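Here the structure comes first, spelled out in structure tokens, and everything after it is commentary.
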Amino acid sequence: MMSVIYLDNNATTKVDEAVLEAMLPYLTEFYGNPSSMHTFGGQVGKAVKQAREQVAALLGAEPTEIIFTSCGTEGNNSAIRAAIAARPNKTHIITSQVEHAAVLNQCKQLESQGYTVTYLSVNGQGQIDLDELEASLTGNTALVSIMYANNETGVVFPIEQIGQIVKEKDAIFHVDAVQAAGKIPLNMKTSTVDMLTISGHKLHAPKGLGALYVRKGVRFRPLLIGGHQERGRRAGTENVPGIIALGKASELALQHLDNVFEEKALRDLLEQGILNTVPDTVVNGHTKNRLPNTTNIGFKYIEGEAILLSMNQFGVCASSGSACTSGSLEPSHVLRAMGLPYSVLHGSIRFSLSRYTKQAEVEKVLSILPPVIERLRALSPFKNDQESWLQEQEKALAAK
């Protein structure tokens, strides 16, 4: 097999060997139901309790504030539905134009049920205007749901400032922290956040598990109805191996926060190397207020899909946007919301690193990429009639 250089960690991450080792016994030897009263099941229940404590430590929360879920999407859906159920007389929701589909599509569905949703805009660097947020809040606002960090650009939003504004209107504040957890410090004890979502496969645990933080005292109506699991807040027999894995991954992620500067250094090496060796490239999004592992680079005058396919031939894995929308030929909704020109919009690539990324891999990409871009630009239709062609494409895009 061709060796792989994996720079798509915002889509999913490699399972840490220590995480795998921690979960395996709960697939084989310790298979009891944690809700059972006998000792065999009780020992599993104790392991679940320990995992809950590990997740809580990563988030700076209390263990009783953690609900285990199947994924980030379930966490987001549960939080949004619980928030509007807790404010039945309020029918206004605020989110942003650059949220993950798990939030945006939930909000669109709620619009069809009579709710009004305000989608906050972002500027050219992917940042929210706090004045627009403040002006949008009313006494009818039930919920504000804003991501901690954008999955495509890595831009980090001023969550605590947002929370302070939200609290003035007595709305519930939910944060999708799927990309932030394990990359930047979180402390719910001192936070204005009411509910917060994380996902295991973004921090070196398996896919199909996550957690939802719900601040003590926040009213919560469960999305899944059935048994008494998760203190009555999420029915269904617990995914014990996954929960153990998430607990161990959270413990390791908390330890890694002290070394996250190493990822940032490699990210900067990759980014500056591309900007210095490939003409007509730009960084999409704010270059300071962003995750340490993420860079989104626009290669002007070529298609992102062509770049990805060409890099794939060398075993380099990256992305042109969210993995949840990668089957679409439409340009990224995040980059469109930022108002980027067509020349950049279709040729933007997200590179996202992890603690497993090596400097030799980054240097290999920097040797592969310049000739790939040069070859693709030689084939580009931009080269013959650049200005008029761009204008036609931007008009067509605006009409959609």
Side-chain angles (χ1 to χ4, degrees), residues 9-10 13 16 19 50-69 71-76 78-79 83 96 99-100 102-103 128 144-151 153-167 172-205 209-218 220 243 245-264 286 288-294 352 354-355:
N9 288 278
N10 285 9
T13 57
D16 191 295
V19 170
Q50 180 183 12
R52 199 182 307 277
E53 292 170 350
Q54 291 168 317
V55 174
L58 176 64
L59 302 184
E62 295 296 330
T64 55
E65 296 174 313
I66 303 301
I67 303 171
F68 289 116
T69 65
C71 58
T73 295
E74 183 193 331
N76 286 338
S78 297
S96 82
E99 298 297 312
H100 189 274
V103 170
I128 286 176
V144 176
S145 180
I146 302 290
M147 58 176 27
Y148 212 117
N150 188 264
N151 48 305
T153 63
V155 171
V156 176
F157 294 136
I159 291 301
E160 295 311 319
Q161 290 177 266
I162 292 172
Q164 291 170 7
I165 295 170
V166 171
K167 290 300 123 183
I172 292 176
F173 185 30
H174 164 249
V175 172
D176 176 349
V178 164
Q179 292 295 341
K183 298 172 187 174
I184 55 179
L186 302 174
N187 189 353
M188 295 301 100
K189 288 185 176 69
T190 60
S191 177
T192 54
V193 174
D194 293 310
M195 292 187 278
L196 180 138
T197 306
I198 69 170
S199 178
H201 76 108
K202 306 296 188 180
L203 43 83
H204 302 288
L209 55 115
L212 175 63
Y213 159 81
V214 179
R215 180 180 297 282
K216 184 178 179 180
V218 172
F220 186 84
I243 289 171
L246 180 57
K248 185 62 177 180
S250 297
E251 177 186 298
L252 295 173
L254 186 59
Q255 295 171 2
H256 178 66
L257 281 175
D258 292 334
N259 300 315
V260 75
F261 64 89
E262 296 176 3
E263 283 178 46
K264 181 181 182 299
H286 201 280
K288 292 185 178 179
N289 298 328
R290 58 175 170 163
L291 296 173
N293 78 315
T294 305
S352 47
S354 80
R355 61 177 178 258

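Every value quoted in this text rests on a predicted model; they were computed, and no experiment measured them. The figures that follow rest on heavy atoms only: side chains count, while hydrogens, waters and symmetry mates do not. We number each residue from 1, following the sequence as shown.
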Start with the C-alpha gap between Met147 and Asn151, add the side-chain angles, then the distance that decides, and say whether side-chain contact (heavy atoms from CB on, under 4.5 Å) holds.
CA-CA 9 Å; Met147 58 176 27; Asn151 48 305; 3.6 Å; yes
Tyr213 vs Ile198, side-chain contact (heavy atoms from CB on, under 4.5 Å): CA-CA, chis, key distance, verdict
CA-CA 8 Å; Tyr213 159 81; Ile198 69 170; over 6 Å; no
Run Leu291 and Val155 through side-chain contact (heavy atoms from CB on, under 4.5 Å) and show every step you take.
CA-CA 6 Å; Leu291 296 173; Val155 171; over 6 Å; no
Working note: Ile159 + Val193, criterion side-chain contact (heavy atoms from CB on, under 4.5 Å); need CA distance, chi angles, decisive distance, verdict.
CA-CA 8 Å; Ile159 291 301; Val193 174; 3.7 Å; yes
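At a threshold of 4.5 Å between non-hydrogen side-chain atoms, the residues Met195 and Phe220 count as touching. You'll find the side chain of Ile172 stays beyond 4.5 Å of the side chain of Val144, heavy atoms only. Side-chain contact between Ser250 and Leu254: absent, with no pair of heavy atoms (C-beta onward) separated by less than 4.5 Å. Proximity of Leu212 to Leu196: side-chain heavy atoms (C-beta onward) are nowhere separated by under 4.5 Å. Between Val214 and Glu65, the closest side-chain pair of non-hydrogen atoms is not below 4.5 Å.
In this structure a side-chain-to-backbone donor-acceptor pair under 3.5 Å is missing from Arg52 to Ile243. Judged purely by atom type and a 3.5 angstrom limit, His100 has no side-chain atom pairing as donor or acceptor with the backbone of Val103. For the pair Ser352 (side chain) and Asn9 (backbone), a donor-acceptor distance under 3.5 Å is present. Side-chain N or O atoms of Ser191 include none that pairs as donor or acceptor with a backbone N or O of Asn187 at under 3.5 Å. Looking only at distances, no side-chain donor or acceptor of Gln179 sits under 3.5 Å from a matching main-chain atom of Tyr148.
Asn293 and Asn10 share a donor-acceptor pair across their side chains, judged by distance under 3.5 Å alone. In the model, Gln164 has no side-chain atom that pairs as donor or acceptor with a side-chain atom of Thr192 under 3.5 Å.
Considering all non-hydrogen atoms of both residues, Arg290 and His286 come closest at CD-O, 3.3 Å. Counting all heavy atoms, side chain and backbone alike, Lys189 lies closest to Ala61 at NZ-O, 3.4 Å. Across every non-hydrogen atom of Ile66 and Ala211, the tightest pair is CG2-CB, 4.1 Å. The two residues Ala149 and Val156 have their closest heavy-atom pair at CB-CG2, 4.0 Å. Closest of all the heavy-atom pairs between Ala102 and Thr73 is CB-OG1, 3.7 Å. Taking all atoms of both residues into account, the shortest heavy-atom contact from Val19 to Ala205 is CG1-CA, 4.1 Å.
Under 4.0 Å is where a charged nitrogen must lie from a carboxylate oxygen, and between Asp194 and Lys216 no such pair does.
If you take CG on Asn76 and OG1 on Thr197, they are separated by 4.0 Å, rounding to the nearest 0.5 Å. One distance of note links CG of Asn150 with CD1 of Ile146; it measures 11.5 Å at 0.5 Å rounding. Separating the NE2 atom in His204 from the NE2 atom in His256 is a distance of 6.5 Å, to the nearest 0.5 Å. With rounding to the nearest 0.5 angstrom, the OG1 atom of Thr294 is 9.0 Å from the CD atom of Glu263. Rounded to the nearest 0.5 Å, atoms CD1 (Ile67) and CD (Glu74) are 9.5 Å apart. If you take CG on Leu58 and CE on Met188, they are separated by 9.5 Å, rounding to the nearest 0.5 Å.
Checked against Arg355 for a side chain to side chain contact (heavy atoms under 4.5 Å, CB included), the options Val260, Asp16, Thr13 give a single hit: Asp16.
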